[in-house]
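Treat the numbers as computed from the prediction; the structure is a model and nothing was measured.
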Amino acid sequence: QVQLVESGGGSVQAGGSLRLSCAASGYTWSRYCMGWFRQAPGQEREGVATIYSDGDRTDYADSVKGRFTISQDKTKNTLYLQMNSLKPEDTAMYYCAANAFRWVAYCPARPGQYNYWGQGTQVTVTS
C-alpha cells in the first residue's frame, strides 16, 4: 500500500522560505512521477511541480518557476519542495502525489492522473 506523508508546512512572512517533505513508502515502481499540488480555499487543486523517477525531468507551474525547486532523495524515499521568495498567493494546502508511469517526456500536472495522495500540509504566507 502506497503511503505519502507530507510535513514542513507552516506560516511565514512574504519573501520567506519553507521546505516541504513527503515521505513515501509501499511502492515498488521503478518508473514513476511524483509531484506537489496545492489547493486554496474555493479553488481547484493545481499542479505546482513534478519530477520523474530519473530525477532529470522536472516541470513547474509558471507561477512558481524560479522560486520553487522540486527534488527527491531516493535513499530516503523522500520528495522535497524548496519554496523561496514566498508570496501571499502561495497560501494553500500542499499535497504530495505519486503514480507509476512507464515513460513520459514530462510528468503530468493534472491531479486526476495521480492515484496516490498524502493528507496535505498547510502553507500560509502573510504580507
Identify every side-chain donor-acceptor pair in residues 80-89 under 3.5 Å, counting partners at least two apart or on other chains, and give the distances.
from	atom 1	to	atom 2	distance (Å)
Gln82	NE2	Asn84	OD1	2.9
Asn84	OD1	Ser17	OG	2.9

* Asked: What is the distance from atom CZ of Arg67 to atom OH of Tyr60, rounded to the nearest 0.5 Å?
  -> 12.5 Å
* To do: Step through it carefully: locate the ring centre of Trp29, locate the ring centre of Tyr116, and say whether they are under 6.0 Å apart.
  => yes
* Which heavy-atom pair separates Ile70 from Gly35 by the least distance, and what is that distance? -> CD1-CA, 4.3 Å
* Determine the minimum heavy-atom distance between Gln122 and Ala92, stating which atoms define it. => NE2-O, 3.4 Å
* To do: Treat each ILVMFWY residue as a node, draw an edge where side-chain heavy atoms are under 4.5 Å apart, and state whether Phe101 and Trp117 are in one component.
  => yes
* To do: State, to 0.1 Å, how close Ala24 and Leu4 come at their nearest heavy-atom pair, and which atoms those are.
  => CB-CD2, 3.6 Å
* **side chain to side chain contact (heavy atoms under 4.5 Å, CB included) between Thr126 and Ser11, worked out** => CA-CA 7 Å; Thr126 58; Ser11 183; 4.2 Å; yes
* Taking all heavy atoms of Arg57 and all of Asp54, pick out the closest pair and write down the distance. => NH2-OD2, 2.7 Å
* Contact list for residues 24-40, test salt bridge (Lys or Arg N to Asp or Glu O under 4.0 Å), sequence neighbours left out -> Arg38-Glu46, Arg38-Asp90
* Ser53 OG to Trp103 CH2 distance, which is reported to the nearest 0.5 Å -> 11.5 Å
* Is a donor on one side and an acceptor on the other found under 3.5 Å between the side chain of Thr75 and the backbone of Asp73? -> no
* If you look at every heavy atom in Tyr52 and Arg102, which pair is closest and at what distance? -> OH-O, 2.8 Å
* Asked: So, for Phe37 and Tyr114, is the gap between ring centers shorter than 6.0 Å?
  -> yes
* Structure fact -> Distance col, row Thr58:OG1 vs Phe68:CZ, nearest 0.5 angstrom, shows 14.5 Å
* Is a side-chain donor or acceptor of Asn99 paired with a backbone partner of Asn115 at a separation under 3.5 angstrom? -> yes
* With distance as the sole test, does Glu6 use its side chain to make a donor-acceptor pair with the main-chain N or O of Cys96 at under 3.5 Å? -> yes
* Supply the atom-to-atom distance Met34 CE to Asn77 CG, rounded to the nearest 0.5 angstrom. => 8.5 Å
* Following the transitive rule for hydrophobic clusters with a side-chain heavy-atom cut-off under 4.5 Å over Ile, Leu, Val, Met, Phe, Trp and Tyr, establish whether Tyr95 and Leu20 coincide in one cluster. => no
* To do: Would you check, one step at a time, whether the test side chain to side chain contact (heavy atoms under 4.5 Å, CB included) holds for Cys33 with Val104?
  => CA-CA 9 Å; Cys33 287; Val104 292; 3.8 Å; yes
* To do: Determine, step by step, whether Tyr27 and Tyr32 satisfy the ring pair (Phe, Tyr, Trp, His ring centres under 6.0 Å) criterion, reporting the C-alpha distance in whole Å, the side-chain angles of both residues, the deciding distance to 0.1 Å, and the verdict.
  => CA-CA 10 Å; Tyr27 67 94; Tyr32 56 85; 5.4 Å; yes
* side chain to side chain contact (heavy atoms under 4.5 Å, CB included) assessment of Leu18 paired with Val123 -> CA-CA 9 Å; Leu18 283 173; Val123 171; 3.9 Å; yes
* To do: Drop me the distance from Met93's CE to Gln119's CD, to the nearest 0.5 angstrom.
  => 8.5 Å
* Roughly how far, to the nearest 0.5 Å, is OG1 of Thr50 from CG of Asp59? -> 5.0 Å
